[in-house]
Every structure is written in C-alpha cells, then in structure tokens.
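Values in this document were obtained by computation on a predicted structure and should not be read as measured data. Chain A is the first sequence line, chain B the second, and so forth, proteins listed ahead of strands; every chain is numbered from 1.
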Amino acid sequence: MQGRVRIVFEGDTGVVDFHTAHDKAVIYVSEADLISGPAYRKKLAKLRKAKKLKGIVLVEKTPMTEQYFLDVQKFVVIELGFVLLPVTNQVEAGNLLVQMVNEENKPNGNPFIAKAKRGISQDQAVLSTVQMIPKLGSVKAKALLCRFKSIHGIQAATMHDLSDVVGRTNAQHVKAFFEEKRKVR
DNA sequence: GTGAACTGCGG
DNA sequence: CCGCAGTTCAC
C-alpha cells in the first residue's frame with residue numbers, strides 16, 4: 001500500500017468525513033446520526049455545497065436503522081447524487097476505505113472497484129431507490145436501470161425514452177417523481 | 001404468498 | 001377497442 005490514510009471515527013457522534021483524493025469525500029453516517037434526527041442531512045448538504053465533490057456515503061445499516069434507510073437513500077442518492085454504500089459497522093466501513101485507497105493508488109485502478117467487489121449491495125441500494133417511484137416494482141426498476149444505467153440517467157431521460165421502457169403512464173410517474181424532488185429543493 | 005387492479009400490447 | 005399477459009401493491 002502506497003498512500004496512507006488515517007481513519008478516525010468519532011464514536012457515535014457526528015458525521016465524520018475523509019478525503020481519499022482531491023475530488024472525493026467519504027462520509028460516514030453512524031447509527032446514532034440516523035436515529036437522532038435529520039441533522040446529518042445539513043452536514044451532507046453543506047459538504048455538497050462547499051466543494052463540487054464526488055461524495056461517497058457510508059451508512060450504517062443495522063436492524064436499528066432499517067426503518068430510516070429508504071429515506072436516507074432518497075436523500076443521499078436522489079437529492080445529492082452521492083453514492084451510497086450500506087455497511088453493517090465501522091469495521092466494515094474501514095475495510096472498505098482501505099480497499100478504495102488501495103485501488104486508487106494502483107495505476108489505472110478504479111476507486112469504485114470496492115463496490116463491485118462487494119457484489120450486489122450497492123446495486124441493490126440503487127434498485128430499491130428506483131422502486132420508490134410509484135407504480136415501479138422490481139421488474140420495471142431493473143428495466144430502467146438496465147437502459148439508463150443510473151438514477152441520474154433516469155432523471156435525465158426524455159419522456160419518449162422512458163416510455164419505450166415502462167410505457168407512457170409510468171413514464172409520467174417517473175417524471176412526476178423527479179419533478180417533485182426538484183420542487184422540494 | 002395471494003388476489004385485485006392496473007398497464008401495455010397484439011389482435 | 002377487447003382480452004391477455006405481466007406487473008404492482010395491499011392484505
């Protein structure tokens with residue numbers, strides 16, 4: 001391992017962020033952050049504003065935080081456009097960071113390889129986010145992701161292209177969903 | 001896991 | 001425009 005990253009978790013208080021490279025930040029949202037209310041969102045939004053970063057959010061997904069997870073996804077992935085990686089604890093988060101740093105230091109290494117290595121969890125998080133759109137279940141959500149690759153891709157798609165995949169009425173649901181999100185901001 | 005309701009498509 | 005097949009969603 002070439003580069004060194006010191007990882008310090010502040011126990012269960014506050015959002016901690018790490019810079020693994022110039023344009024990326026990794027933010028850890030703890031179980032306690034989630035449970036204690038929406039304060040963590042302000043920190044994330046602020047970080048988003050301050051720099052045009054590619055954010056990666058590691059969120060503790062445990063039985064305790066399961067009920068908050070969909071809301072977190074909606075906020076982090078759709079509103080902020082960050083990557084969301086669920087982890088079960090801080091140790092796993094640390095391992096993930098090490099992997100990311102290792103990959104980054106390799107010539108031509110892909111810093112996002114870690115998500116591929118961990119298999120389906122990331123894709124599944126994205127998938128269930130897309131399923132939050134009314135009338136979209138697993139089949140149509142997969143179809144959309146297959147065609148447009150990402151949530152951002154779906155957001156940017158035209159009515160015509162959306163209609164090709166899920167039909168006209170569902171395309172309108174998709175449009176309405178993202179329109180709603182714009183209004184809220 | 002099952003059924004009702006809805007969507008899209010082909011005839 | 002109707003019926004069928006596939007999908008979503010609430011129970």
Side-chain angles (χ1 to χ4, degrees), chain A residues 12 15 26-45 47-48 53-90 92-93 96 110 112-185:
Chain A
D12 273 340
V15 177
V26 179
I27 307 107
Y28 187 80
V29 180
S30 73
E31 196 175 42
D33 289 324
L34 254 31
I35 294 171
S36 64
Y40 72 92
R41 296 189 179 205
K42 289 184 179 153
K43 297 189 183 181
L44 289 180
L47 191 65
R48 171 78 173 150
L53 305 155
K54 290 222 169 192
I56 302 172
V57 175
L58 304 179
V59 56
E60 267 191 78
K61 190 183 184 189
T62 66
M64 287 283 279
T65 61
E66 193 103 36
Q67 53 178 318
Y68 303 99
F69 192 70
L70 287 184
D71 281 341
V72 173
Q73 268 181 195
K74 206 164 23 170
F75 178 71
V76 170
V77 179
I78 296 175
E79 294 189 36
L80 298 180
F82 284 173
V83 175
L84 184 68
L85 267 48
V87 294
T88 57
N89 55 54
Q90 296 179 348
E92 191 185 338
L96 210 51
N110 177 2
F112 292 94
I113 197 78
K115 79 181 177 192
K117 248 182 179 173
R118 314 179 63 234
I120 56 179
S121 61
Q122 171 61 12
D123 284 342
Q124 229 153 39
V126 174
L127 184 64
S128 52
T129 305
V130 176
Q131 288 186 60
M132 284 191 278
I133 302 170
K135 306 300 175 187
L136 294 192
S138 63
V139 175
K140 293 193 170 71
K142 277 174 195 161
L144 284 173
L145 283 172
C146 191
R147 175 77 148 70
F148 303 109
K149 306 305 178 200
S150 66
I151 295 206
H152 187 264
I154 295 169
Q155 203 168 5
T158 64
M159 265 294 284
H160 179 269
D161 288 338
L162 290 173
S163 299
D164 279 348
V165 183
V166 293
R168 194 186 155 193
T169 48
N170 287 127
Q172 276 171 347
H173 286 135
V174 173
K175 279 293 174 197
F177 180 81
F178 286 119
E179 193 57 37
E180 185 79 11
K181 287 287 154 269
R182 288 196 77 208
K183 245 177 137 181
V184 171
R185 268 195 244 185

* To do: Going by the side chain to side chain contact (heavy atoms under 4.5 Å, CB included) test, name the single residue among A/Val76, A/Leu58, A/Leu44 that passes it with A/Ile27.
  => A/Leu44
* Look at the side chain of A/Thr65 and the backbone N and O of A/Glu60, then say whether any donor-acceptor pair between them is shorter than 3.5 Å. => yes
* Asked: Any side-chain donor-acceptor pair under 3.5 Å between A/Thr129 and A/Gln73?
  -> yes
* A/Val72 vs A/Leu34, side-chain contact (heavy atoms from CB on, under 4.5 Å): CA-CA, chis, key distance, verdict -> CA-CA 8 Å; A/Val72 173; A/Leu34 254 31; 3.8 Å; yes
* **Option passing side chain to side chain contact (heavy atoms under 4.5 Å, CB included) with A/Ile154 (candidates A/Val165, A/Leu144, A/Asp161)** => A/Leu144
N/O to N/O distances under 3.5 Å, protein versus nucleotides 6-10 of chain B:
residue : atom : partner  : partner atom : Å
B/dT7   : O3'  : A/Thr169 : OG1          : 2.9
B/dG8   : OP1  : A/Val166 : O            : 3.4
B/dG8   : OP1  : A/Arg168 : N            : 2.9
B/dG8   : OP1  : A/Thr169 : N            : 3.1
B/dG8   : OP1  : A/Thr169 : OG1          : 2.9
B/dG8   : OP2  : A/Thr169 : OG1          : 2.8

